[in-house]
Protein chains: 2
Amino acid sequence: MRGRGPRSRRHHRGRWRVLARVERFAEPALLLLLRERPAHGYDLLERLPELTGEARVEMGNLYRLLRGLEEEGLVSSEWDASSAGPAKRRYALTPAGERLLDHWAEALHRSQERTARFLERYEERR
Amino acid sequence: MRGRGPRSRRHHRGRWRVLARVERFAEPALLLLLRERPAHGYDLLERLPELTGEARVEMGNLYRLLRGLEEEGLVSSEWDASSAGPAKRRYALTPAGERLLDHWAEALHRSQERTARFLERYEERR
DNA sequence: TCTTACATGTGTCTTTTACATGTAGCTACC
DNA sequence: GGTAGCTACATGTAAAAGACACATGTAAGA
């Protein structure tokens, strides 16, 4: 089974593991990291696990996501050759991006309540 | 934009609405409903919104999901012509399905903690 | 020189989801 | 007895999202 998609269950010791991830969670995670301080892609890649847990985001998908956010005007970027090493593209959050982050926070709060109701109902007749 | 996929943002009053749903949440919702009592597809379709919120599951996808669960031995089914109306396929949870529901509950609990950490960090510098 | 780490990408396939449509039995009503 | 409408199950298709492989180039150090 090559190139398997975003399934919640994963092969692990001969079984499937349930992950229960929030859809597109990498997006609000990026927005939050960028609100704290501007950063370049590779830096974000290393800091994302603080928010997403062990699940590491694929490099390629991260850069695609960043470009998508920029096309929608949610982040802005510019080449930064000031520091050592290869040139970096430094991303920063725009006001529109900050508003989207606020919407994400509200949605995540509602998601928390939904999941809490589910778990309560699950425990009821355990 | 026809046949748009499971994006977190949705067109709504000229903007995109963030949903922050848990991936494949319909699966644990089905398992929980079936643990409470055996049921047929159409019945489950009407009771699912109790758990998933306003977001209703597509009929076609629901039947596909049920067949998938049956192929994996997580639910069992049999035709039921006893009640009025067209014949129904009555689904019931298997022991394997009950174990999967337990794994989902654990995963959802971890998801709650991840999201709580995110929201804390979001509120820190609001 | 060769390797390793940093940094930014593209190609391509599978899975998941949304939405439209198809089929058929049962019931009620005229 | 015909037909309208509801119930119930099912397939077809396309787009979004994610997984993974791979390409390109810079720079530091053994």
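Residue numbers begin at 1 in each chain, while the letters A, B, ... track the order of the sequences.
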Participant: Indicate, with a heavy-atom threshold strictly under 4.0 Å, whether G60(A) touches base, sugar-phosphate, or nothing.
Facilitator: base
Participant: Tell me the interatomic distance from E58(A), atom CD, to dA21(D), atom C1', rounded to whole angstroms.
Facilitator: 10 Å
Participant: Go nucleotide by nucleotide along DNA chain D from the 5' end; which of N61(A) and A87(A) gets its closest nucleotide reached first?
Facilitator: N61(A)
Participant: For Y63(B) and dT7(D), give me the distance from atom OH to atom C1', rounded to whole Å.
Facilitator: 9 Å
Participant: Ignoring hydrogens and angles, are the base of dG18(D) and the side chain of R24(A) linked by a donor-acceptor pair under 3.5 Å?
Facilitator: no
Participant: Starting at atom CG of L45(A), determine the distance to atom C1' of dG9(C), rounded to an integer number of angstrom.
Facilitator: 13 Å
Participant: Less than 4.0 Å between a side-chain N and a carboxylate O, is that true for E120(B) and R117(B)?
Facilitator: no
Participant: For the side chain of R64(A) and the base of dG18(D), is some donor closer than 3.5 Å to an acceptor across the two?
Facilitator: no
Participant: Quick check on DNA chain C: between P86(B) and Y91(A), whose nearest nucleotide comes earlier from the 5' end?
Facilitator: Y91(A)
Participant: Keeping to residues at least two apart or across chains, list the salt bridge (Lys or Arg N to Asp or Glu O under 4.0 Å) pairs with something in residues 80-102 of chain B.
Facilitator: D80(B)-R90(B)
Participant: Please determine whether a side-chain nitrogen or oxygen atom of Y42(A) lies at a distance below 4.0 Å from atom OP1 or OP2 of dC6(C).
Facilitator: yes
Participant: Does R21(B) make a side-chain N or O approach to OP1 or OP2 of dA16(D) shorter than 4.0 Å?
Facilitator: no
Participant: Return the value, rounded to whole Å, for the distance between atom CZ of R89(A) and atom C1' of dC6(C).
Facilitator: 17 Å
Participant: Take atom CD of E70(B) and atom P of dC9(D), then tell me their distance rounded to the nearest Å.
Facilitator: 12 Å
Participant: Taking the side chain as every heavy atom from C-beta outward, state whether M59(A) and L45(A) have any atom pair closer than 4.5 Å.
Facilitator: yes
Participant: Return the value, rounded to whole Å, for the distance between atom CG of L30(A) and atom P of dG18(D).
Facilitator: 11 Å
Participant: Charged N to carboxylate O under 4.0 angstrom, R121(B) versus E50(A)?
Facilitator: yes
Participant: Between M59(B) (CE) and dG22(C) (C1'), how many Å, whole number?
Facilitator: 13 Å
Participant: Measure the distance from CH2 on W79(A) to C1' on dA7(C) and round it to the nearest whole Å.
Facilitator: 8 Å
Participant: Within the 4.5 Å heavy-atom criterion, are L101(B) and L34(B) side-chain neighbours or not?
Facilitator: no
Participant: Could you check which of dA7(C), dT7(D), dT17(C) has an atom nearest any side-chain atom of K88(A)?
Facilitator: dA7(C)
